[in-house]
Amino acid sequence: LLESKEQMLRGTAHVGEFRLRRKDGTFVPVEVSAKILADGRWQGFVRDVSSRHAAEAQLRRAHENEVRLREQLQAVSEASAAISEAVAELPTRGLPWILQVIVEQASRLTGARCVGLSIGADPTLPFEPSPKFAEGPSVRLGMTPEREHELRRAFRGLPPGHPQRARFLSVPIRYRARQVGELFLAHEEGALEFEEQDRRAIQNLAARTGVAMEIARLCRAEALQRGWLEAVIDQMPEGVLLLDREGHVSVMNAAARALSTGTSTGTDLYGNQKLFEVRYPSGEEVPFEQLPIVRALRTGEITIGLELQTRSSDRLVPILASAAPVRGGGGEVIGAVAVIQD
């Protein structure tokens, strides 16, 4: 009040917020615009700003929620890119590598120290974790005592000496509506509960996991026909583009076709440089020789999660592009693969 008085004595108006007490003892936030008139009287206009405060609080909550969603989306995108990279390394790494990447990403997304991954959904089979996935706390299965009987009933047994955990979350892994496994996450005793955003993040991860696990299963079965693998790749939510050593497009799944210009009729990327219109985030067109898949094929360069834009249906779509060379038994580059995430 003294600050307000000094300002008005200098001849200027003062605007400030105060809390006024009603007769019933409750307070109301108000904005007071005051000045001293020429005859020495004090004049003030008082406005109730309760609604404005409520709107500002709602706006702050909406902004905080937006920030959390953006962070979650970024984390899920990074996790999806890591799984896509693991899929690209299937020929040399195999299924255990993909499963390890999946549990590590699930742990990173939620902060869960204990993550378990089951393959299959046959309730008559026992739950027997592979020794390859018992080397660290991030891949050991834990659960609350009240959930333990559910898992025992589903899998007819638990790994010996599994740690007891207080907070539990499980999300099924599906491929084409068929359950192919399940992710189990647990927090330590005394930790916070899993939140809804944790469940959403793991569900998004599980959607990629189902496809990755199915691709891994198909790659391991040497007798399966090439068409089966292409059918699985075609179902991936990310675009997949595979070139042979000559630059011919061997595989381009439905998601990649949806992001292409659709103006090229051939299957040779070098002869059809406009198969994709790719631009930097600034809007400048990416030179053909700087395309991640071209660099992978020509120099063996690996690109992970490069932010670009591509034109699809007369609009620019922001994408994350990853690319890696495909190498033969002697280490020579025999092709290149790119994964494009809308």
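Just so you know, these numbers come straight off a predicted model, no measurement behind them. Sequence positions, counted from 1, serve as the residue numbers for this chain.
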K.L.:
Any side-chain donor-acceptor pair under 3.5 Å between Q74 and E78?
P.N.:
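A pair is found: one side chain offers a donor N or O, the other an acceptor, under 3.5 Å apart.
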K.L.:
Would you say the side-chain atoms of Q309 pair up with the backbone N or O of Y280, donor to acceptor, closer than 3.5 Å?
P.N.:
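Between the backbone of Y280 and the side chain of Q309 there is a qualifying donor-acceptor contact (under 3.5 Å).
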K.L.:
Could you please spell out the steps behind the side-chain contact (heavy atoms from CB on, under 4.5 Å) verdict for L241 and F276?
P.N.:
CA-CA 11 Å; L241 188 68; F276 292 89; 3.9 Å; yes
K.L.:
Tell me whether E332 at atom CD has more than 12 heavy atoms from other residues, nucleotides or ligands lying less than 6.0 Å away.
P.N.:
yes
K.L.:
Rounded to the nearest 0.5 Å, what's the gap from CD on E6 to NE2 on H14? Could you check?
P.N.:
11.5 Å
K.L.:
If hydrophobic clusters are built from ILVMFWY residues whose side chains come within less than 4.5 Å, do L306 and V294 share one?
P.N.:
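Hydrophobic grouping puts L306 with V294.
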K.L.:
Please examine the side chains of H63 and L59, heavy atoms only from C-beta on, and report whether any two atoms are closer than 4.5 Å.
P.N.:
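No, too far: nothing below the 4.5 Å cut-off.
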K.L.:
When rounded to the nearest 0.5 angstrom, what distance separates CD in Q290 from CD in E285?
P.N.:
13.0 Å
K.L.:
Does F45 CZ have over 12 foreign heavy atoms under 6.0 Å away?
P.N.:
no
K.L.:
Are the side chain of D198 and the backbone of E195 linked by a donor-acceptor contact shorter than 3.5 Å?
P.N.:
yes
K.L.:
If the threshold is 4.0 Å, N to carboxylate O, is there a salt bridge linking E56 and R52?
P.N.:
yes
K.L.:
Salt bridge between E104 and R108, side-chain N to carboxylate O under 4.0 Å?
P.N.:
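Judged by the 4.0 Å cut-off on N to carboxylate O distance, E104 and R108 do not form a salt bridge.
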K.L.:
At what distance, to the nearest 0.5 angstrom, does CG of L9 lie from CD1 of I36?
P.N.:
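If we round to the nearest 0.5 Å, L9:CG and I36:CD1 are 4.0 Å apart.
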K.L.:
Is any side-chain heavy atom of I173 less than 4.5 Å from a side-chain heavy atom of I102?
P.N.:
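No; the side chains remain at least 4.5 Å from each other.
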K.L.:
At what distance, to the nearest 0.5 angstrom, does CD of E238 lie from CD of Q341?
P.N.:
5.0 Å
K.L.:
To check you understand the geometry: which heavy-atom pair defines the closest contact between V171 and A206, and what is its length?
P.N.:
CG1-CB, 4.0 Å
K.L.:
Which pair of non-hydrogen atoms, one from S50 and one from P29, has the smallest distance, and what is that distance?
P.N.:
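Here S50 and P29 meet closest at OG-CD, 3.5 Å.
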K.L.:
How about V251 and V337: do any of their side-chain heavy atoms sit closer than 4.5 Å?
P.N.:
no
K.L.:
Just do the salt bridge (Lys or Arg N to Asp or Glu O under 4.0 Å) check on R70 and E66 with the steps written out, would you?
P.N.:
CA-CA 6 Å; R70 286 181 178 274; E66 179 188 5; 3.2 Å; yes
K.L.:
Hey, are the side chains of T110 and I202 touching, using non-hydrogen atoms and a 4.5 Å cut-off?
P.N.:
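T110 reaches I202 side chain to side chain.
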K.L.:
List the atom of L109, the atom of A79, and the distance in Å for their closest heavy-atom pair.
P.N.:
CD1-CB, 4.2 Å
K.L.:
So, does N253 use its side chain to make a donor-acceptor pair with the main chain of V240 at under 3.5 Å?
P.N.:
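Yes, N253 side chain to V240 backbone: donor-acceptor pair under 3.5 Å.
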K.L.:
Does the T303 side chain pair with the main chain of A323, one donor and one acceptor, at a distance under 3.5 Å?
P.N.:
no
K.L.:
Kindly give the heavy-atom pair with the smallest separation between D244 and L297, and that separation in Å.
P.N.:
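Closest approach of D244 to L297: O-CD1, 3.6 Å.
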K.L.:
Could you check whether atom CD of Q58 has more than 12 heavy atoms from other residues, nucleotides or ligands sitting under 6.0 Å from it?
P.N.:
no
K.L.:
Taking all non-hydrogen atoms of both residues, which atom of S322 and which atom of G305 are closest, and how far apart?
P.N.:
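Here S322 and G305 meet closest at OG-N, 3.0 Å.
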K.L.:
A side-chain contact here means heavy atoms from C-beta on lying under 4.5 Å apart; do V15 and V32 qualify?
P.N.:
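Answer no - side chains too far apart.
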K.L.:
Is the side chain of R279 donor-acceptor paired with the backbone N or O of G283 at a distance under 3.5 Å, no angle test?
P.N.:
yes
K.L.:
Calculate, to the nearest 0.5 Å, the distance between atoms CD1 and CZ belonging to I302 and R295 respectively.
P.N.:
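Reported value, rounded in 0.5 Å steps: 11.5 Å.
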K.L.:
Quick check against the 3.5 Å criterion: does R257 have a side-chain atom that pairs as donor or acceptor with the backbone of M252?
P.N.:
yes
K.L.:
State plainly whether the residues R22 and D24 are in salt-bridge range, i.e. N to O under 4.0 Å.
P.N.:
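Salt bridge flag = no for D24 with R22.
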K.L.:
Do the side chains of Y175 and Q235 get nearer than 4.5 Å, heavy atoms only?
P.N.:
yes
